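Each chain gets a letter, A, B and so on, in the order the sequences are listed, and its residues count up from 1. Quick caveat, the model's predicted, so the values are computed rather than measured.
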Amino acid sequence: MILSINIVENDIFNMLLIAAIYLGIFSVAGLFLVLLERKVAAWFQLRLGPNRVGPWGLLQTMADALKLVSKELTGTIKADKFLYNLAPYFVIISSLMALAVFPFTQEFQAFDINIGIFFLIAISSIGVIGILLGGWASNNKFALIGAMRSGVQTISYELSVGLSLVTMVLLTGTLQLSEIIEVQKSGWLIVQGHIPAIIAFMIYMIAGTAETNRAPFDMVEAESELGAGFHTEYSGMKFAYFFLAEFINMFIIAAIGTTVFFGGWLSPFGITESIPWLGIFWFLGKTFALVFLMMWFRWTFPRLRVDQLLTLEWKYLLPLNLLNIVLMALIVWLGLTIQI
Amino acid sequence: MSYFGDIYKGIKTLLTGMSVTGKVFLNNKNNSITQQYPDNRETLKMFNRFRGEVVMPHNEKNEHTCTGCQKCEIACPNGSIEIIWDRQIDPESGKKKKMIDKHIYHLGMCTMCGLCIEACPTDAILWAQNYENSVYDRTKLTKVLNQPGSKIMPGVED
């Protein structure tokens, strides 16, 4: 009896420890993603970017975060106080929860759930509830329009993200992320699945960029039309939660892409197979390559209109995705996959 | 089948745009346009068309080319230029002639429109490319453009 209580306590302690480590690492990582975004934006626009705080401006976003923590939390009088305060936590918690299931190396995985992909898709749609709450509760027309657009966008593009991942699940035959990576020991899925996998990857990247509400799909924030969209009325740390969640979501989308299409922590051609802990560098390297791709999108393409956004999803991405699933099913059935 | 044609065209144009920005990204180290201003004060040089303030160039013999025709004063929309002139006897020819005493320029009022410089028939006044023009005392913004003891360059009026 005593023993079992000990085990339970130990488990809870371990869970709390892991949660604290993850929170610490990823809030700092989110800050550095913000810095990366600003640097990449500067390089795309022939500028230098932040270079004053710390060496090469490395501490710029830390200083920004400290400033945001010390700021007053203002709000509107007519706001629905409870929902208004709840919204940022919804957004940040849902994006941090998704991080738990990623296998960073063979051993470094907090929560190896057997419905990993499904869990990720489900969690990533919870974040939109936070955005809708925030827009609704702030009692501001710009925030409401931004939140409604976010609802439209996420409901539409959720389908494409899900279906493009389902296309790859046809190939792996499992939803568990560690198993998906096991399957890729005989070739990354984008090689195994060749043509339909490449189409699925393109659709996934487009829909994933839309999922995270980033340019060219940032109708939700649309600075030129809506002020700041759903977080117009937020200040201080509550605003920082929305901001951090956006960047962690970008990391999550890139990490799912890495895990499902590019072999996760597996090294190309197994060159560092004998040193398993190097996997985390491969994982992060591939993830940041995809993050860079999304930043490249952002600093190249102009923002879409709402009707163009819906046309792209319902007329092009969704039918192509359905066709692509049939194609992938045929290829798996006929055994035409490329195995290295 | 314009449907697939549209998809092909869409992907092609997106890739074209990405290649343009990608090239800029790769080449940015050599020609970043940012000037880190207070750090590069010694080496920073303004481009030729920059309008800092109106100056009157003098040659090494302390001679300018202003005839005192007052066209700049008339052209100035808000009276930033005042010319104090007098008829004096020219020591060389012995004839009475119009000569400037002071060419006064109010930098504090100037809108940098450049009409005076366009109006000048002898190119006596030009744009300077200096940019640190702020002062603590506004009387310092009233400048006398001709140097003391300067005279007109011979041959300008012919």
Colleague: More than 12 foreign heavy atoms under 6.0 Å from CH2 of Trp314(A): is that the case here?
Modeller: yes
Colleague: Evaluate the ring planes of Tyr3(B) and Tyr316(A), with Trp represented by its six-membered ring, and classify them as parallel (under 30°), tilted (30 to 60°) or perpendicular (over 60°).
Modeller: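 Judged by the thresholds at 30° and 60°, the geometry between Tyr3(B) and Tyr316(A) is parallel.
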Colleague: Given heavy-atom pairs under 4.5 angstrom as the criterion, report whether the side chain, backbone, both or neither of Pro302(A) touches chain B.
Modeller: neither
Colleague: Just checking Ile7(B): does its CD1 atom have more than 12 heavy atoms from other residues, nucleotides or ligands closer to it than 6.0 angstrom?
Modeller: yes
Colleague: Please say whether more than 12 non-hydrogen atoms of neighbouring residues, nucleotides or ligands are located less than 6.0 Å from CZ in Phe47(B).
Modeller: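 Count over threshold, so yes.
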Colleague: Hey, is CD1 on Ile89(B) packed in by over 12 heavy atoms from elsewhere, all under 6.0 Å?
Modeller: no
Colleague: Roughly how far, to the nearest 0.5 Å, is OG1 of Thr21(B) from CH2 of Trp43(A)?
Modeller: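 The distance works out to 15.0 Å.
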Colleague: Using 0.5 Å steps for rounding, measure from the CD atom of Gln45(A) to the CZ atom of Phe25(B).
Modeller: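 So the gap between those two atoms works out to 12.0 Å.
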Colleague: Would you say that more than 12 heavy atoms from the other residues, nucleotides or ligands in this model lie under 6.0 Å from the OH of Tyr131(B), or not?
Modeller: yes
Colleague: Tell me the residues of residues 9-20 of chain B whose non-hydrogen atoms fall below 4.5 Å from those of chain A, in number order.
Modeller: Ile11(B), Leu14(B), Gly17(B), Met18(B)
Colleague: Any chance NZ of Lys97(B) has more than 12 other-residue heavy atoms, nucleotides or ligands included, within less than 6.0 Å?
Modeller: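 Enclosed: over 12 neighbouring heavy atoms sit under 6.0 Å from NZ of Lys97(B).
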Colleague: Please say whether more than 12 non-hydrogen atoms of neighbouring residues, nucleotides or ligands are located less than 6.0 Å from OH in Tyr8(B).
Modeller: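 Count not over threshold, so no.
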